[in-house]
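Here the structure is laid out as structure tokens; the discussion comes afterwards.
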There are 2 protein chains.
Amino acid sequence: MRGSSPSPSDRPSDKRRDDAARAAWLYFIGGRTQDEIATQLDLSRQAVQRLVALAVSEKLIKFRLDHPIASCTELAAGLTERYGLEFCDVTPSDPDAPGSAGGIAVAAAVRLQRLLAAKAPMVICVGTGRTLRAAVEELDSLDRPQHKVVSLVGAMSAGGQASPYDVVMRLADKVGAQRYPMPAPVLTETVADREALQGQRAFAVLRELRDQARASFVGISEIGWQAPLHRDGFMTDNDISALIEAEAVGEITGWSFDAEGHPLDSPVNERVASLPLESPPERLTVIVGGGPQKVPALKAALKGRLASALITDEATAEALL
Amino acid sequence: MRGSSPSPSDRPSDKRRDDAARAAWLYFIGGRTQDEIATQLDLSRQAVQRLVALAVSEKLIKFRLDHPIASCTELAAGLTERYGLEFCDVTPSDPDAPGSAGGIAVAAAVRLQRLLAAKAPMVICVGTGRTLRAAVEELDSLDRPQHKVVSLVGAMSAGGQASPYDVVMRLADKVGAQRYPMPAPVLTETVADREALQGQRAFAVLRELRDQARASFVGISEIGWQAPLHRDGFMTDNDISALIEAEAVGEITGWSFDAEGHPLDSPVNERVASLPLESPPERLTVIVGGGPQKVPALKAALKGRLASALITDEATAEALL
DNA sequence: TATAAAGTCGATCATATGCTCAATAACAGA
DNA sequence: TCTGTTATTGAGCATATGATCGACTTTATA
């Protein structure tokens with residue numbers, strides 16, 4: 001009975017979003033019922049219901065929890081200590097939707113928001129993925145043309161198809177920042193291709209910017225036939241086979257690593273176009289992600305000091321301890 | 001059917017707040033129904049309903065609107081221009097509860113939050129009043145021991161009774177800041193009393209801090225028999241009579257002013273212990289408030305350049321233009 | 001320990017909300 | 001202008017939510 005989202009595909013008109021915002025405001029902040037709002041705005045109750053649902057699905061209205069849930073705090077403290085993190089945020093899990101990243105996205109958005117709110121020019125690096133993308137959607141709009149958003153990894157397959165989970169562009173839109181996407185696939189077809197690409201001027205710029213970055217936010221994924229990288233066509237069947245063969249347990253910005261968190265010495269990694277991983281990272285590097293299938297990858301990444309901070313959910317945090 | 005708030009008087013236990021936060025998280029962010037949550041947490045549905053209601057009434061869960069509603073934006077622009085403001089925020093009004101300051105409080109909280117999020121030590125001055133108090137309740141918790149929160153006005157009556165709308169202390173609690181309340185009534189009994197008080201060392205400190213302040217947030221009120229200052233016992237019947245006689249239209253931090261926004265040359269103002277108004281203000285000075293009864297006071301204050309920014313609601317903004 | 005006061009709980013019911021569907025309106029292409 | 005297609009609408013209904021009430025538990029007090 002909640003969160004109806006008709007949303008076919010295209011964007012609602014400005015006027016409609018405006019009305020939706022107003023209705024949602026009256027509903028959530030004003031505390032009125034939809035019936036009352038309908039009367040006030042001279043609409044049918046259904047129309048208001050739809051507007052409210054729209055505002056929720058379009059994230060015009062945001063929910064934030066401001067209370068340190070004790071068990072989450074404990075888990076966070078445990079992880080921080082165990083893996084020597086700069087910080088760790090743990091959100092409650094939704095026991096019936098362990099895969100859903102809603103809470104993690106909100107938590108990541110809060111961290112991002114805090115960073116980006118600063119006026120001093122700042123470089124932020126990001127990876128890709130559904131979770132990061134969702135986090136960006138949760139951000140409030142800002143106007144920070146002085147900031148730069150830099151991609152650590154390309155958002156296309158070797159075939160040239162772009163990923164729908166492009167994070168840089170959307171993030172730059174949200175905060176009004178300058179954008180530095182990586183014009184490359186995650187995995188090139190050959191080593192020579194990779195070398196050619198990385199010889200480009202644009203790559204040098206990305207490397208320089210990364211060195212100045214205040215923080216990196218990256219996703220993480222497991223390696224397997226169900227892994228997002230494979231499903232979305234960034235890696236071929238052969239790549240996956242090779243990685244499984246080589247006992248890869250996870251991947252960050254395209255770089256596969258073993259159970260100890262050491263980047264694999266595999267031919268596949270030779271074709272990764274992304275900026276190299278740092279271990280230990282020289283700047284705040286936040287892994288954002290959770291879910292049972294990612295636990296081994298997370299454990300390895302933390303063990304190998306591929307990150308200095310973690311945002312995850314309760315169930316995953318428990319599994320990690 | 002919404003926002004049931006049993007809240008008798010005392011605080012719920014930590015455990016209960018914890019559960020409430022968890023339930024509210026699952027409800028609003030997780031998007032589950034109360035029935036589902038009840039199953040997951042092994043509670044009755046009612047129990048969950050109560051927890052969610054508690055979380056809402058205790059502000060453990062917050063709603064924020066992230067969309068510039070066109071008409072509000074226009075009004076804000078109009079006011080900014082007309083009165084030469086640094087900024088103006090206009091929130092939608094709740095047509096059936098024109099007095100309620102919910103939306104204004106949220107908007108003020110957003111501004112305060114943004115300021116206070118900064119790490120560099122900062123001095124913030126505040127007045128008193130219901131609206132400001134509500135705004136502080138909307139703030140997220142922070143930890144900024146480097147900041148200082150300074151009161152522009154005492155929060156007690158001449159009889160020594162404290163106001164329940166004390167803002168400094170609550171704000172300092174919320175952000176973990178240092179606190180500088182004003183140990184004085186709004187209005188002393190005699191001019192000599194005021195002079196004696198202001199000779200105190202503490203007053204000199206307050207004056208100095210005010211000079212360093214990054215911003216001031218103040219409420220505003222009309223002058224009349226229904227005015228909060230009178231109802232709450234900060235001003236006697238005689239004071240009010242004298243002020244009405246002198247054609248006062250409003251009051252900020254205890255200082256009454258006429259329709260042009262000039263502080264009144266009245267004996268009552270001679271007994272005001274608060275820090276003096278500045279016109280034009282030497283730092284960001286934000287008036288927070290709205291409602292039909294405050295329109296004349298607001299108009300005068302803006303005309304007299306007693307503030308450099310305004311946070312109000314749609315209906316009030318319209319009336320001001 | 002008895003007793004009152006206060007709080008908590010779940011059953012029950014009145015409302016509020018959200019989904020489905022059929023009717024209508026807007027629209028694009030012939 | 002006609003016609004097939006696609007949004008948009010509101011009615012009706014199934015569910016979800018919130019208020020009330022009496023029974024039960026806990027706490028305070030004598």
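Every chain is numbered from 1, with letters handed out A, B, ... down the list of sequences.
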A/Phe28 CZ to C/dA16 C1': how many Å, rounded? 13 Å
Round to a whole Å and report the spacing from CG of B/Asp35 to P of C/dA11. 12 Å
Contacts of A/Thr80 meeting side-chain hydrogen bond (donor to acceptor under 3.5 Å, both in side chains) (sequence neighbours excluded), chain-then-number -> none
Salt bridge (charged side-chain N to carboxylate O under 4.0 Å, His left out) against B/Lys174, all qualifying residues, sequence neighbours excluded: none
Expressed in angstrom and rounded to an integer, what is the separation of B/Ile37 atom CD1 from D/dT17 atom P? 8 Å
Partners meeting side-chain hydrogen bond (donor to acceptor under 3.5 Å, both in side chains) with A/Arg144 (sequence neighbours left out): none
Could you pull out the protein-nucleic contacts involving nucleotides 9-13 of chain D (nitrogen or oxygen on both sides, under 3.5 Å)?
| residue | atom | partner | partner atom | Å |
| --- | --- | --- | --- | --- |
| D/dG10 | OP2 | A/Ser44 | OG | 2.8 |
| D/dG10 | N7 | A/Arg50 | NH1 | 3.1 |
| D/dG10 | N7 | A/Arg50 | NH2 | 3.4 |
| D/dG10 | O6 | A/Arg50 | NH2 | 2.7 |
| D/dA11 | N7 | A/Gln46 | NE2 | 2.5 |
| D/dG12 | O6 | A/Gln46 | NE2 | 3.4 |

Residues in side-chain contact (heavy atoms from CB on, under 4.5 Å) with A/Ser71, at least two apart? A/Ile69, A/Glu314, B/Arg22
Suppose we screen for side-chain contact (heavy atoms from CB on, under 4.5 Å). Which residues come up paired with A/Ala24, at least two apart in sequence or across chains? A/Phe28, A/Ala55, A/Ile61
C/dG10 C1' sits how many Å from B/Gln34 CD, rounded? 15 Å
With sequence neighbours excluded, residues passing side-chain contact (heavy atoms from CB on, under 4.5 Å) with A/Ala135: A/Ala105, A/Ala108
How would you list, by chain and number, every residue that makes a side-chain contact (heavy atoms from CB on, under 4.5 Å) with B/Asp19, sequence neighbours excluded? B/Lys15, B/Leu51
Identify the pairs formed between an N or O of the protein and an N or O of nucleotides 23-26 of chain D at a distance under 3.5 Å, and give each distance.
none

Whole-Å distance separating the CD atom of B/Gln49 from the C1' atom of C/dA11: 14 Å
Lys/Arg N to Asp/Glu carboxylate O, A/Glu138 vs A/Arg64, below 4.0 Å: yes
C/dA16 phosphate, OP1 or OP2: any side-chain N/O from A/Tyr27 under 4.0 angstrom? no
